[in-house]
Protein chains: 2
Amino acid sequence: MKENISHSPPETSSARRRLLDTATRLFYSGGIHAVGIDRIIAEAGVAKATFYNHFPSKEDLVLAYIEEQDRLGRAAVAALPKQPPREMIAAIMGRISEAVVAGGWRGCPFLNAAAEYPNPTSPVRQAIDARRAWYHDSLRALLAADGDPDPSVTASLLVAVSDGLLESAYLDDPENIPALVREAVARLLDRR
Amino acid sequence: MKENISHSPPETSSARRRLLDTATRLFYSGGIHAVGIDRIIAEAGVAKATFYNHFPSKEDLVLAYIEEQDRLGRAAVAALPKQPPREMIAAIMGRISEAVVAGGWRGCPFLNAAAEYPNPTSPVRQAIDARRAWYHDSLRALLAADGDPDPSVTASLLVAVSDGLLESAYLDDPENIPALVREAVARLLDRR
DNA sequence: ACACTAACAGACAGGTCTGTATATTGCAAG
DNA sequence: CTTGCAATATACAGACCTGTCTGTTAGTGT
């Protein structure tokens, strides 16, 4: 029956953790199709058979990567201090600036993955859809609480600006991003 | 000396044209790394040797694809009827809606390519940089002529909204895009 | 008629990809 | 001690990748 309640490694298995961490780093920095299994297992220090014990295929690893990024993003938003809707929106949008000033920014991992997965019914694309729906709905709820007359439209515009500024931080000058985020929020919201 | 002035095929060679058209279609719909040379030459009906006569390597074909998309976009903007700055900006942004309602939209080809080319010094990335600089500068000049107090910042916001709405047209509901474009322009510009 | 060019078809080399299989090691539970 | 498990290294199959090469065919200018 396997009594693995608080046993030697109750962690999610060190090998699996190392594989996902390495895959996250390599997929994000190099692109998904461009990074092979061989390189991931070599840099993670894991045997190939062990990899295929934890993940049935490469696509499952990609999916685990996307889903973990989604989960981390939602947790970061949930961990924001409770504050009035308008400030909460500013705080959520402010996460764009934080992600960028850290350096090594290579664009939004979800948009990058979507560029490599054209099939909208693939699990990866569906995970991306779920994450976008969550982001839009979170903003819409806050906008509604703030009294926005058309919270769905405003939320769509905030999502678009988020995506666009994340791309701009990758392809243009990241230095301008914090000011642009503030300016975008001000212009899109400051209309009673 | 080759007197090819208005000779039998003054066109850029039918095979080259077919190769670039086929590559454009396949690269855009399927992604760049995911589409191989074999498939391109098969669907273009061109021999492999002929391909390598016209393009030294696959990357040259990718670059030709990106540069042609850039050239076509600039030509479409240049072909817009002359009108006051504010209307010109609306017309340029309106091209987003046109691209989307046509159907088969799979995201901005430049952002998709950038996702697959992490090296900022690669020719593909430099072509993308050039295209983004042109777009930003075009909008900035129009905003300056319109009397915008901070045309560079407003241009950056319009670029971000353009990128974001193009991604939204791919990943969310394309139906809302025309209204969102109009609303974004109104909210970002209507502040004397 | 002859030479040149561009295109064709297709085989091949060398590398890399995903995924499977084999055989061995270390460790912990019972 | 023995049984079982998880991990190791490594080799392999089969597909696909880019790029090169050989040889043939069609059309054109001189």
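Computed over heavy atoms, backbone and side chain alike; hydrogens, waters and symmetry mates excluded. Chain letters run A, B, ... following the sequence lines, proteins first and then strands; every chain starts at 1.
For B:Glu68, the side-chain contact (heavy atoms from CB on, under 4.5 Å) partners are B:Arg17, B:Leu20, B:Thr24, B:Arg71, B:Leu72, not counting sequence neighbours. In terms of the side-chain hydrogen bond (donor to acceptor under 3.5 Å, both in side chains) criterion, residue partners of A:Arg74 (sequence neighbours excluded) are, by chain and number, A:Asp70. Under the side-chain hydrogen bond (donor to acceptor under 3.5 Å, both in side chains) criterion, B:Ser57 pairs with B:Asp60, not counting sequence neighbours. When the side-chain contact (heavy atoms from CB on, under 4.5 Å) test is applied to B:Pro120, the partners found at least two apart in sequence or on another chain are B:Arg125.
Taking atom CZ of residue A:Phe55 and atom P of nucleotide C:dG19, one finds them 13 Å apart after rounding to whole Å. For the pair A:Phe27 CZ and C:dC17 P, the computed distance is 12 Å after rounding to whole Å. Rounded to an integer number of Å, the gap from A:Arg17 CZ to D:dA7 P is 14 Å. Residue B:Arg16 contributes atom CZ, which lies 18 Å from atom C1' of C:dT5 at whole-angstrom precision.
Comparing the helix axis at one end of the helix from C:dA1-D:dT30 to C:dG30-D:dC1 with that at the other, each defined from 5 consecutive pairs, gives an inter-axis angle of 0° (nearest 10°).
Regarding contacts with the backbone of D:dA7, a side-chain N or O of A:His54 is found under 4.0 angstrom from either OP1 or OP2. Considering only side-chain N and O atoms, A:Thr50 lies nowhere under 4.0 angstrom from the phosphate OP1 or OP2 of D:dA6.
Under the 4.5 Å side-chain heavy-atom criterion for grouping Ile, Leu, Val, Met, Phe, Trp and Tyr, A:Val185 is connected to A:Leu80 within one hydrophobic cluster.
Identified under the salt bridge (charged side-chain N to carboxylate O under 4.0 Å, His left out) test for residues 155-170 of chain B, with sequence neighbours left out: B:Arg132-B:Asp163. Sorted by first and then second residue, the ring-ring contact (aromatic ring centres under 6.0 Å, His included) pairs involving residues 39-95 of chain B (not counting sequence neighbours) are B:Phe27-B:Tyr65, B:Phe51-B:Phe55. Annotation: side-chain hydrogen bond (donor to acceptor under 3.5 Å, both in side chains) contacts involving residues 36-45 of chain A, sequence neighbours excluded, comprise A:Arg25-A:Glu43, A:Asp38-A:Lys48, A:Arg39-A:Glu43. Applying the ring-ring contact (aromatic ring centres under 6.0 Å, His included) test to residues at least two apart or on different chains, the pairs with a partner in residues 115-150 of chain B are B:His33-B:Tyr117.
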Report all side-chain donor-acceptor pairs from residues 87-97 of chain A shorter than 3.5 Å, counting only partners two or more places apart or in another chain.
none

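Annotation: proximity of residues 40-47 of chain A to DNA chain D (heavy atom, distance under 4.0 Å) is found for A:Gly45, A:Val46, A:Ala47, numbered in ascending order.
B:Asp173 contributes a side-chain N or O that, together with a main-chain N or O of B:Glu175, makes up a donor-acceptor pair within less than 3.5 Å.
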* To do: Encode nucleotides 14-23 of chain D as B, S and - characters from 5' to 3', where the letter depends on protein heavy atoms closer than 4.0 Å: B to the base, S only to sugar-phosphate, - to neither.
  => ----BBBB--

